[in-house]
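It should be emphasised that the depicted structure is a prediction, and the values quoted were computed from it without experimental measurement. Along the sequence shown, residues carry numbers from 1.
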Amino acid sequence: MYWVLQTPPTPQRPFSEELNPTLYYAFSGYKEAAARLDLMIMHRTLGVLTGEVGGGKSTLIRRLFALLDPMLYLPIYLCCANQKSRRFYVGLLEDVGVDPIYTVSNARKL
């Protein structure tokens with residue numbers, strides 16, 4: 001991932017999560033991944049993005065989320081590194097606004 005230098009520089013921290021996804025240099029691998037994500041959205045399918053550490057996955061996801069109409073889409077970003085499948089599904093349900101019934105705390109209430 002290569003970042004385009006701004007003129008004049010902005011007060012933005014250079015390695016924060018608030019990086020503007022429009023300030024990147026779109027090399028061929030980035031363009032291909034972005035096109036595949038765009039195709040995923042066009043066909044209304046689920047997608048999984050994997051890649052090397054520091055390969056620009058988070059930047060691609062931020063770019064995609066910035067392009068989506070929040071009235072039409074509910075983008076969900078779940079980082080599943082070393083995460084058990086149960087935690088993945090709980091996170092997915094919570095992100096769509098559903099309280100998972102089968103958590104330990106809720107099971108004790110039953």
Practice task
Identify whether the distance between the nearest side-chain nitrogen and carboxylate oxygen of Arg63 and Asp38 falls below 4.0 Å.
Solution key: yes
Exercise for the section: Identify the residue among Leu46, Leu64, Leu49 that makes a side chain to side chain contact (heavy atoms under 4.5 Å, CB included) with Met40. Expected result: Leu64
Handout entry: Shared hydrophobic cluster for Val48 and Met42 (ILVMFWY, side-chain gaps under 4.5 Å)
Key = no
Handout entry: Heavy-atom pair with the smallest gap, counting every atom of Pro75 and Leu68
Key = CB-CD1, 4.1 Å
Practice task
Check step by step if side-chain contact (heavy atoms from CB on, under 4.5 Å) holds for Ile41 and Tyr73.
Solution key: CA-CA 10 Å; Ile41 296 298; Tyr73 296 97; 3.7 Å; yes
Practice task
First locate atom OH of Tyr30, then atom OG1 of Thr59, and finally report the distance between them rounded to the nearest 0.5 Å.
Solution key: 6.0 Å
Problem - Between OG1 on residue Thr45 and CG on residue Leu39, distance to nearest 0.5 Å - result: 7.5 Å
Problem - Within one Ile-Leu-Val-Met-Phe-Trp-Tyr cluster: Leu60 and Leu67, side-chain cutoff 4.5 Å - result: no
Problem - Distance-minimising heavy-atom pair for Arg87 and Glu94 - result: NH2-OE1, 3.5 Å
Problem - Flag if over 12 foreign heavy atoms under 6.0 Å of CZ, Phe65 - result: yes
